[in-house]
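Here's the structure we're looking at; comments come further down.
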Amino acid sequence: MEWESVIGLEIHAQLSTRSKAFSGAATRYGAEPNTQACAVDIALPGVLPVFNEQAARMAVKFGLAIGAQINHRSVFARKNYFYPDLPKGYQISQYEIPVVAKGSLTIELDGHERLIGITRAHLEEDAGKSLHEDFHGMTGIDLNRAGTPLLEIVSEPDLRSAKEAVAYMKKLHQLVVYLGICDGNMQEGSFRCDANVSVRRKGDPKFGTRAEIKNVNSFRFVEKAIEFEIERQIDLIESGKSVVQETRLYDADKDQTRSMRSKEEAMDYRYFPDPDLPPLVVDEAFVREVQATLPELPDARRARFMSQYGLNRYDAGVLTSSREMAEYYETAVRESKGDPKIVANWIAVELSGYLNLDNKDIAESPVSAKMIAGLVQRIADNTISGKIAKEVLEAMWAGEGDADAVIAKKGLKQITDTGAIEKAIDEVIAKNTAQLEQYRAGKEALFGFFVGQVMKATRGKANPQQVNELLKKKLAG
Amino acid sequence: MFKKTVAELSRALASKAVSSVELTQLFLDRISKYRDLNAFITVDPEKSLAQARAADARRAKGEAAALTGIPVAQKDIFCADGWLTTCGSKMLSSFIAPYDATAIARFSGAGAVLLGKTNMDEFAMGSSNETSHFGPVRNPWDPTTVPGGSSGGSAAAVAARLAPAATGTDTGGSIRQPAALTNLTGLKPSYGRVSRYGMIAFASSLDQGGPMTQSAEDAALLLGVMAGFDQRDSTSVDAPVPDFVAALDHPLKGLRIGLPKEYFGDGLSADVAKAVEAAIAEYRKLGAQTVEVSLPNSSLAIPCYYVLAPAEASSNLSRYDGVRYGFRAAEYKDLIDMYCKTRAQGFGAEVKRRIMIGTYALSAGYYDAYYLKAQRLRRLIAQDFEQAFEVCDVIMGPTSPTTAFKLGAKSDDPVSMYLSDIYTISVNLAGLPGLSIPAGFDGKGLPVGLQIIGRYFGEERLLNVAHQYQQATDWHRRLPKGFD
């Protein structure tokens, strides 16, 4: 029996506004508990919410980036439930009319592209945190996070495997970070995921009963949680049982999901329009204004890099993986005035190697785009060879200065003076008369040996092309 | 001196006939003397006198405004920094507000003295002031009767001249009905006219704060301070605040008064009807014309209101959960038990009743039948007024179907209590300004209120119409026996 899994994701992206969604308190992460919770956040009697327009700007930006319809009038609603870290006893969210309606996102997996539908994206506020560990027999409440703006992005049930789900999640992550509306920090909970998973027999037009896996906060765990859940559901059905609609939690330590609450226990949130907040009105002028701030999006930029700079798909992908990376590359191309493909290679392969090794972001690279440009220029003008350039980059990464400084300090300047190279060749030939005879007797493979010896004698600095030409002549006699 | 209106006291202060400290002390003494009325929950003479001294100093520097040095009693629904702010509930019986409501801040800014916090129905839910955790308030006109509610403490305080003026809040009639039952001028402004920030929410889409005073002129003075856009309240309207006092003197000639036939039918007591008709006759003498209008959906106002207001209240009152501030039950087994016991013990019966009604109305499966239907009715009720105002400038009728009723008379019958607001509730649903002014007395000597309803943001005209009547009559200057 062939099974097909059907997955939809709900992603909560924390919007990187300076102040909260409905109050003036700061949103900075990691402050002392309850130091970033004002009267509105702790829901004192009499306080009222005032919507942060910056959050609307960010939501609209996202909507435009996924080609979605923007609702010109969306409505804030109250989602009512009791929990100690929910100060008002309700969360302000959007229910019937979200700010962002239907859109889509193209994902790529194993070289295939697929269009994934996005049902909606709506604005809401985050709750605080309950701290169970540090207090004996008590629960601590930290309301710093309460009221932080979130964009909840709901996908259609278009994803068909755990890998596709992860590809979608990564693409969305890249996009929100690209747009500058979310810092994407998953450890700090800025980008969280709930997954709706069901299975059905291949070809069955009906969806199976789904389970919702709550709050999975890394790409790896999303993949593992969904894979576990798919297996669990298939096993259930194949053994004659059925899947129950429920909310489940993923336990990363045990690599399994377990039931949190069933549909019967599901809460009635008693949504209704928040009478403290007028509808969010986003007019054409506002949309146009936001449109003007939209950066070139990752897919478009990748395509442009391929056509404008002649890059292959892979390099173009690496170089557009983040906005900073793309800007780094284009700065390096501009500064070096050199071959964009060579510049791409130095960044996508060589520099990326160092970044990965030290687990650094391009923004944290000790080698700036200008420095990479300088390095490429020195290769182009034959000051150094490509091989020496790798040595120079290593020194640059270690903080020893730009290419010129490293070359000067280490005496790495390429030898292009014909006389000097000829002198080195003469010495090598003089020391290796036996090999010379063999070569002249027809063992041409020894040419490489001579090249190596000359390079060694010049400590790699001789211009390899010149060495080749001159050596050929001298060896011929 | 205690019988003077705010306008008169303002002139007395300006002429140095009296100081703010003297005035404040005078009213503090009266509050103490008539404490059996139970009009106040909190008085703090030190704080009030400190404000009075500051007001006198401000006046000495020549920087006094109209209300500088005037003691004003504040309904205990307004948060005032450093003051116990209970909202009439055990839930907040030890809650000291750490900030000022916008209305309180504006009174302070004008130099007014906070004379004390007045008693009220718990969370403003009631029409008799009997649901207060701090006990009922007595009506100075007859201490065996109620002063109305929910702003009953403010009403009794001004009626007995324990304060020259007070504030109230009105969600379904809570300013106008007690004003009618205690012979005061009480104005519920248009929704959005006065900031709700710091005014503890009952039903957010209906609540409005406003003045309860001895005269329309005083109401104009107080409204001038309270009104205006507040960026902390997203439902407040960014419109200029007119000079309400300057508009008082317009002649009434040509005024078209609409008389809704639905307001003069069954359920209206004969004494009230007689007084209201006499007041309308007086208006005709002042040059006004009357025209019959119809508000056909009036009978639906009470059911509509008792879905919407409890629905909003059920959510607004969720924050009183014993977690962060306010009352928490002494003993509980776990979190759910803490919530249940805290809310069972912290809220009174009427509040619990409304939380249950509201929770039910918003529940899955009932939302469309109750909440959505009530919202549609609300629009119909607002349209009734729009149509009526096509042929008239103001609408007049009784404020309350009866005069003050006996303490305990309706306590066990919520529906008959709800009917006390039958003429006032639709005004809140439509967001319009409404005002009650003294219009005479019934056979037992209890005051009757005339309600005047105006166009949206038409407070200027409303106060003008009330003032002209008060220039021709003296009902509003009458004092209850024993307090004169």
Side-chain angles (χ1 to χ4, degrees), chain A residues 21-24 34 37-53 75-92 95-96 127-128 130 132 137-143 146 266-281, chain B residues 77-79 85-87 89 91-92 95 97-102 123 195-201 203-207 230-236 308 311-312 314-326 335-336 338-339 343 358-367 371-372 375:
Chain A
F22 300 103
S23 84
N34 299 312
C38 68
V40 173
D41 303 323
I42 66 175
L44 284 183
V47 296
L48 295 170
V50 176
F51 181 58
N52 181 349
E53 196 194 88
V75 175
F76 289 110
R78 294 184 182 178
K79 178 181 181 179
N80 294 284
Y81 65 97
F82 284 98
Y83 205 70
D85 60 24
L86 187 73
K88 295 188 289 295
Y90 60 83
Q91 176 196 27
I92 305 176
Y95 185 56
E96 285 182 333
S130 294
H132 301 290
M138 289 193 282
T139 299
I141 306 291
D142 177 7
L143 297 176
M267 285 190 266
D268 178 358
Y269 291 117
R270 306 189 313 278
Y271 282 99
F272 76 106
D274 192 331
D276 286 331
L277 292 161
L280 171 60
V281 175
Chain B
I77 200 168
F78 289 99
C79 286
T85 299
T86 70
C87 219
S89 181
M91 193 58 95
L92 293 174
F95 176 71
Y99 76 102
D100 273 340
T102 298
F123 284 103
S195 169
R196 293 187 298 115
Y197 188 77
M199 195 178 101
I200 298 174
S204 309
S205 74
L206 300 158
D207 297 342
D230 177 9
Q231 58 180 18
R232 289 176 193 270
D233 175 3
S234 307
T235 63
S236 87
L308 296 181
E312 294 181 18
S314 72
S315 175
N316 282 334
L317 269 59
S318 293
R319 67 188 58 197
Y320 309 109
D321 58 4
V323 174
R324 299 167 313 288
Y325 55 79
L335 178 66
I336 299 297
M338 190 279 280
Y339 283 148
R343 291 167 65 82
T359 302
Y360 182 82
L362 290 174
S363 295
Y366 300 100
Y367 180 84
Y371 184 83
L372 273 191
Q375 286 290 25

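Any value given below was found using the heavy atoms of this structure, including those in side chains, with hydrogens, waters and symmetry copies removed.
At a 4.5 Å heavy-atom cutoff, A101(B) makes no contact with chain A through either its backbone or its side chain. Neither the backbone nor the side chain of L372(B) has a heavy atom closer than 4.5 Å to any heavy atom of chain A. Contact annotation for Y197(B): both backbone and side-chain heavy atoms come within less than 4.5 Å of a heavy atom of chain A. For a residue to count as touching a neighbouring chain, one of its non-hydrogen atoms must lie under 4.5 Å from one of that chain's; by this rule Y320(B) touches chain A with the side chain only. When heavy atoms are compared at a cutoff of 4.5 Å, L335(B) approaches chain A solely by way of its side chain, counted from C-beta outward. Residue D276(A) touches chain B through both its backbone and its side chain, counting heavy-atom pairs closer than 4.5 Å. F95(B) touches chain A through its side chain: at least one heavy atom from C-beta onward sits under 4.5 Å away, while N, CA, C and O do not. Interface residue A311(B): only backbone heavy atoms are found under 4.5 Å from chain A. Heavy atoms closer than 4.5 Å to chain A are found nowhere in Q375(B), neither backbone nor side chain. Heavy atoms closer than 4.5 Å to chain B are found nowhere in Y81(A), neither backbone nor side chain.
For Y95(A), the OH atom sits in a loose shell: 12 or fewer heavy atoms of surrounding residues, nucleotides or ligands are nearer than 6.0 Å.
S234(B) places none of its side-chain heavy atoms less than 4.5 Å from the side chain of F22(A). Two residues are said to be in side-chain contact when any heavy atoms from C-beta on lie closer than 4.5 Å; R319(B) and Y90(A) meet this criterion. When side chains are defined from C-beta on, P45(A) does not count as touching T85(B), because their heavy atoms never get closer than 4.5 Å.
When all heavy atoms are compared, the tightest approach of F82(A) to S318(B) is CE2-O, 3.4 Å.
Residues F272(A) and Y371(B) place their aromatic rings such that the two centres sit under 6.0 Å apart.
Judged purely by distance below 3.5 Å, without hydrogens or angles, the side chains of N34(A) and R324(B) never pair a donor atom with an acceptor atom.
Distance check: S315(B) OG to K88(A) NZ gives 9.5 Å after rounding to the nearest 0.5 Å.
Looking at R232(B), its side chain never comes within 3.5 Å of a backbone N or O of V50(A) through a donor-acceptor pair.
Between chain A and the residues S363(B), G365(B), S205(B), C79(B), the most heavy-atom pairs under 4.5 angstrom are made by S363(B). Taking S204(B), A203(B), S314(B) one by one and counting their heavy-atom pairs under 4.5 Å with chain A, the maximum is reached by S204(B). Looking only at heavy-atom pairs under 4.5 Å with chain B, the residue among L44(A), I42(A), N80(A) that has the most is L44(A).
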Stepwise side chain to side chain contact (heavy atoms under 4.5 Å, CB included) test for N316(B) and R78(A)
CA-CA 10 Å; N316(B) 282 334; R78(A) 294 184 182 178; 2.9 Å; yes
